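Have a look at the structure below, then the notes.
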Amino acid sequence: MATYSTNEFKGGLKIMLDNDPCSIIENEFVKPGKGQAFNRVKIRNLKTGRVIERTFKSGDTVEGADVVDKDMQYLYNDGEFWHFMVPDTFEQYQADKNAVGETIKWLKEQDMCILTLWNDSPLSVTPPNFVELSITETDPGLKGDTSGGGGKPATLETGAVVRVPLFVQIGEMIRVDTRTGEYVSRVKE
Amino acid sequence: MTADWRPRADLRQLRQRARLLAAIREFFAKREVLEVETPLLCRATGTDPNLDFFSSQFHSPPQNPTLFLQTSPEFAMKRLLAAGSGSIYQICKAFRNGEAGRMHNPEFTILEWYRVGFTLPQLMDEVAELLLGLLGPALQVVRTDYRRLFERHTGLDALVFDRPAYRQHAESRGYPEADALCGGDHALWLDFLFSHCVQRSMPADTICLLHDYPAVQSSLACLHPEDTRVAQRFEVFVNGIELGNGFFELSDADEQEARFDREIALRRRQALPEVAKDRLFLDALRSGLPECSGVAIGLDRLLMIAEGRGAIAEVLAFPIGNA
């Protein structure tokens, strides 16, 4: 894998740090007029999701991480692994619990998502920003209540639980923002 | 066609820059400090291992010498001082290779001036006066010595290198990498701890004149005659942004040459490009530099602060990205 010097650092660059693949979020060049130049870098550990700050001496090099994002279709779960496929090539990948994390609660079979691969094995799964799922369980709301204030919990077909307005009923399809986990609207079929 | 041809700074910034330059020239005219010009393209450059330069080839056979874009006008201005110019100032471009970021552009504008017969405290007064005039009288002026400020923010003694204590502090502040990065290099540790733990905590709306730098960071300053652990050097910060650096100027040619030699040796150890000592500058010191204090201020950053901008590119017509 290539190595990168600090002056090639920019947002999105994937590097190895403490043996983990990481993504650079922000890179700041810091230099006293009469002193050593540093790069103060905000980095996300792609395995744990944690964001840390790390300083490098300007000009130092680090190893790149072989990390790529691929659009894939979620196929099924076999009880232990979750299986995904690249639609164009039919190439399949299996991801474990660590890799799918919380994301899986937004995905139903056939849905598209992004798999992040490190050395060709799944590191994480990112759902689309918006998904449309039907409600399998929620308290019957009060008729005529369109206020949306307050709301109630609703369980979706994938098992995710979101807060929805009182007027939304079992069997209805709703649109959810996966980044915030919030209800957006009802979807007319 | 892209929009890259357009200036980054808006018209207001261009006008403010023109106003700033006019105000500076008026300030020095009133004080009878002479405006001078020295070459941007020079036969020699500084030896500081932390300054990377741009070089070019002069088509002048048979030597076709390498010429350097100046990293600062210091050496040339000191040659004028040694020739009896009296107090002088210059507004010019300086070039530092590899320096680009929110606070850096590899080509930037310097205001540099020298006051013959001024002590360092006198020059600090003048810097404060100039900045208050340019930035507005509402700013507070604080003077403090490096050691005291460093201790206030870190609990460490900047003059006594205690690696375990430095390491422990860096770890406690969330910088476990500091030890591997700085190793046994006292000056490097100070750069690290100062920029991470001190500079970031400097108060807003304050001109901070920080004086008596540790001797390991003396650069081209004289050491303090009563306490050689510190140098007669100051830096000025506004809102935590480093704006300028001043010295009670080293005039001892032998000491200057020894510092050059040390830096050249350091460059070799770090496999940095070789540079030769500036002979003409050393000759000028040998012929006698009058006692003087000098300071250089980054004008683009000054404009940034005056205009409340977050990045140097916002006050440059054409920053390096679309120069």
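Note that the structure is a prediction, hence the values are computed from the model and not measured. In what follows, chains are A, B, ... by sequence order, proteins preceding strands, each numbered from 1.
Below 30°, between 30° and 60°, or above 60°: for A:Phe38 and B:His196 the angle between ring planes is above 60°, a perpendicular geometry.
Screening A:Val125, A:Thr126, A:Asp111, A:Val131 for a side-chain contact (heavy atoms from CB on, under 4.5 Å) with A:Trp106, the sole residue that qualifies is A:Val131. Applying salt bridge (Lys or Arg N to Asp or Glu O under 4.0 Å) to B:Glu314 and the options B:Arg102, B:Arg301, B:Arg309 leaves one that passes, B:Arg309.
For a residue to count as touching a neighbouring chain, one of its non-hydrogen atoms must lie under 4.5 Å from one of that chain's; by this rule B:Ser219 touches chain A with the side chain only. Residue A:Glu28 touches chain B through its side chain alone, counting heavy-atom pairs closer than 4.5 Å. Both the backbone and the side chain of B:Glu99 have a heavy atom closer than 4.5 Å to some heavy atom of chain A.
Against chain A, the residues from residues 175-192 of chain B that qualify, each with a non-hydrogen atom under 4.5 angstrom away, are B:Tyr175, B:Glu177, B:Leu181, B:Leu188, B:Asp191, B:Phe192 in number order.
Of the listed residues (B:Ala100, B:Gly101, B:Gly174), the greatest number of heavy-atom pairs within a distance under 4.5 Å of chain A belongs to B:Ala100. Put simply, of B:Arg233, B:His104, B:Arg96, the one with the most heavy-atom pairs under 4.5 Å next to chain A is B:His104.
Contact detail for A:Ala160 and A:Lys105: the closest heavy-atom pair is CB-O, 3.3 Å.
Under the 4.5 Å side-chain criterion, counting only non-hydrogen atoms from C-beta, B:Thr154 is in contact with B:Val198. For the pair A:Leu115/A:Asp69, no side-chain contact is recorded, criterion being any heavy-atom separation below 4.5 Å from C-beta on.
Between B:Arg200 and A:Glu53, at least one side-chain N (NZ, or NE/NH1/NH2) sits under 4.0 Å from a carboxylate O, which counts as a salt bridge.
Between the side chains of A:Glu137 and A:Thr155, no donor-acceptor pair is found at a separation under 3.5 Å.
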